[in-house]
J.: 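The structure follows.
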Amino acid sequence: MNEAVPWPLPGPATGHVPVLRLGDVLLVTLQGDLYDSTAEQLQRDLAEAIARSGAAGVVIDVSGVDVVDSFLGRILAEIAGQARLLAARTVLVGMRPAVAITLVELGLTLPGLRTALSTEAAMELLTGRAWPARSGGRHRGSP
Amino acid sequence: MPEQAQKTSGSPTPEVRDFLRRRREQIAQRWADEPLFRSVFTVSRDEAVEAGKSVVDALAQVADAERVEDPDAAGFAAVREQLARMGAARSRAGLSTGQVSTELAALRPPVENLLLSDLQGASADHTRASVTVLNVLMGTLRVVVMQTALSEGQSLIDRQRLQLLEVATPVIKLWDGIVAVPLIGTLDSARSQVVMETLLETIVEQQARHAILDITGVPAVDSLVAQHLMKTVAAARLMGAECIVSGIRPAIAQTMVHLGLDLGNVVTRASLADALGYVLHQLGVGIVTPGPNGAVPR
C-alpha cells in the first residue's frame, strides 16, 4: 500500500453503481474495488429496479473487478436469489481467471448463478436469440 | 627437506599443512594409482597426477586457513568443479553414492602412511594429533564431494520438474469456441494449478464457451485428483464456460465408484470424440459425411 493514498479513498465510495436498462434486461457494470456499502446499496437498488421494471434478466459485468472477496461473492449470490424471487434470471459476465480461481479456492462456486463469457453471450442466454453475429461468426463450421 | 622431528611442539594443523605442501608430488603420485583417479583419468597418468596435486593444494590451503572441519572453506572452491566432475564420472560408470564414498575413503591411507613416516621420532601425542587433523581433513573432502554430487542431482531434478510443467499442459483449440486440454501424467496440486490457469486464460483469449478436460493420460484418479478436476470445472463455469471431462477409462470409472468419488454435475464422456460430439450438438453444429458422389445429404 502506498502511504500517499488519501483517505477516504477516491472512487465509488459514496456512489451508486448505475443500473442500465436494455429492453427487459438490466445491465450492471462493476468497476475496480467495491466497498461493502456500495455492494449492499447495489443489492437494494437492483431489487427495486427489477420490481419496478418487471425485467426478465439481470446482467452483472464483473470484467473490471480485480478482487472478489467472500462478502462480494455472497452479495452476488443473494442478488441472484432475490432476482429469482422476482422472476428474473441473473447472469454473471466476464469474470477474470484470477478471480475465478480465488473464488473456487474460497469454496464459493456460486451454484445458483448463470455465467457467460461476454455481455453478448449473456444477452443471447437471456433473450434466447442470437445477438447480431460478429464477423467470422461462431458457426462457421456448420453445413 | 627440512627436519620435522625438531618441531614436536608445533601445533598439528600447520604441521599437516607443511606436510601436504612438502609431499605434494608423492601424494599425487600415490593417488593416481587409486581407483578413483585411475578410472576417471584413463587417458594419461600425468593428468591424474595433476588433478591430485590440485586437490592436495586445496587441502593445504584449507589447513592453512585453520578450517579443516568446514566443507564450505574457501580452499575447496578451486577444486569443487573438478571433484564434481570426478564424482559424476564415477556415478555414470554405475557406482552408487556409497561406493563413490568408499573410493574417496581409499585416498586416506596412502597419505596417512606418508605422514606417519615423516613423523618418525616425534612424540606419540604429536603424531596422534597430526593424524587426527589429517583424518578430519580427508573426511571434510569426502563431505565436499558428496555435497557437490547431491546438489548437482537436486538441480537436475528441479530443472526437469520445470520442464515437465511446461511440456504437459497444452491447450488445444478444437473448433471455434471449443478448447481441449489433454492431461498427461499424475495431477498434483502444482500441475493442476498450472492447468487451471492456462485453461482459464485460453478461455478468455479464445472466447471459448466449451472446454474439454481429457484425462486419458492420467494414470490414476484419487480423491485429490477428483477435487482438482472439480475445482477447474467450477472455475471455468464461473467464467461462463462449460467444462466436460472425457477419457475416463473403464478401470478408472470403477475405481472412482469404489472410492465413492462424485464429480457432481460435471458432464463426463468416455472419449474425447464423444465429448466433442456432445459439444458440437450443444452448439447446433453437425458433421456430415458426403455421399459417394461427393454430394452433401440433406
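Basis for what follows: all heavy atoms, side chains included, without hydrogens, waters or symmetry-related copies. In what follows, chains are A, B, ... by sequence order, proteins preceding strands, each numbered from 1.
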J.: Here's a test for you: under side chain to side chain contact (heavy atoms under 4.5 Å, CB included), which of A:V104, A:L108, A:L113 qualifies with B:L238?
T.: A:V104
J.: For B:I203, is it the side chain, the backbone, both or neither that has a heavy atom under 4.5 Å from a heavy atom of chain A?
T.: both
J.: What part of B:A236 gets within 4.5 angstrom of chain A, counting heavy atoms only: side chain, backbone, both, or neither?
T.: neither
J.: Donor-acceptor pair, distance only, cut-off 3.5 Å: does the side chain of A:T115 make one with the backbone of B:M239?
T.: no
J.: Should B:Q207 and A:E120 count as side-chain neighbours, where that means a heavy-atom distance under 4.5 Å?
T.: no
J.: Taking the basic N atoms (NZ, or NE/NH1/NH2) and the acidic carboxylate oxygens, is any pair closer than 4.0 Å for A:E124 and B:R209?
T.: yes
J.: Which pair of non-hydrogen atoms, one from A:A100 and one from B:A235, has the smallest distance, and what is that distance?
T.: CB-O, 3.6 Å
J.: Verify the neighbour count for atom CD of B:E66: are there more than 12 heavy atoms of other residues, nucleotides or ligands below 6.0 Å?
T.: yes
J.: Count the heavy atoms belonging to other residues, nucleotides or ligands that lie under 6.0 Å from CG of B:D158, then report whether that count exceeds 12.
T.: yes
J.: So, for A:P97 and B:L200, which heavy atoms are closest and what is the spacing to 0.1 Å?
T.: CB-CB, 3.5 Å
J.: If I measure from the heavy atoms of chain B, does A:A122 come under 4.5 Å with its side chain, its backbone, both, or neither?
T.: neither
J.: CG/A:L117 to CD/B:E242 distance, rounded to the nearest 0.5 angstrom?
T.: 11.5 Å
J.: Which distance, rounded to the nearest 0.5 Å, do you find between the CD of B:E201 and the CZ of A:R96?
T.: 10.5 Å
J.: Check whether B:R237 reaches the backbone of A:T109 with its side chain - one donor and one acceptor, N or O, closer than 3.5 Å.
T.: yes
